[in-house]
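Here the structure is laid out as structure tokens; the discussion comes afterwards.
Because the structure is a prediction, the values reported are computed rather than measured.
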Amino acid sequence: MEQFRARPDSLKGFETAEVGDVRGKRLIHLQCHFGRDTLSWAARGAQVTGLDFSPPEIEAASRLATELGIDARFLTADVYDSVSAVGGGRHSTSSTPVSGR
């Protein structure tokens, strides 16, 4: 975490290549865990909502966002309830964790 705190970017090259420039776009990050990738997208200029079913993980993500001064929204919800959790709003793109990380 110290490395991430020094430079908040945990994204892999293929992820950023696939998604492209996110500045000014709305992005939802499903299964965000404790928010490193969510905050990485936000640091790249996206308006990001991170969603996870675990309240302790969402609390940790929110604390990390505050600590780093990165604007991101975090919600506790099951991925199957993501549309209603975000109020039915539209997003430019979505991201989920890559297996084998």
Please report the interatomic distance [atom1]([X]) to [atom2]([Y]), rounded to the nearest 0.5 Å.
| X | Y | atom1 | atom2 | answer |
| --- | --- | --- | --- | --- |
| L68 | R63 | CG | CZ | 12.5 Å |
| F4 | D9 | CZ | CG | 7.5 Å |
| R26 | T49 | CZ | OG1 | 6.5 Å |
| R23 | R44 | CZ | CZ | 10.5 Å |
| M1 | R36 | CE | CZ | 6.5 Å |
| W41 | E15 | CH2 | CD | 6.0 Å |

For a quick test of reading the model, state the closest non-hydrogen atom pair linking [X] to [Y] and the distance between them.
| X | Y | answer |
| --- | --- | --- |
| I58 | C32 | CD1-SG, 3.8 Å |
| A85 | L75 | O-CD1, 3.4 Å |
| P8 | A43 | O-CB, 4.0 Å |
| H33 | A61 | O-CB, 4.5 Å |

When you measure from the side chain of D78 to the backbone N and O of F53, does any donor-acceptor pair fall under 3.5 Å?
-> no
Backbone N or O of H29 within a donor-acceptor pair of the T38 side chain at under 3.5 Å?
-> no
State plainly whether one hydrophobic cluster holds both [X] and [Y], where clusters connect Ile, Leu, Val, Met, Phe, Trp and Tyr through side-chain heavy atoms under 4.5 angstrom apart.
| X | Y | answer |
| --- | --- | --- |
| I70 | V48 | no |
| V19 | L11 | yes |
| F74 | F34 | yes |

Quick one: are S82 and L51 in side-chain contact, heavy atoms under 4.5 Å?
-> yes
Neighbour count above 12 (heavy atom, 6.0 Å) for E18 CD | no
Please lay out, stage by stage, how E59 and T76 fare under the test side-chain contact (heavy atoms from CB on, under 4.5 Å).
-> CA-CA 9 Å; E59 290 169 16; T76 303; over 6 Å; no
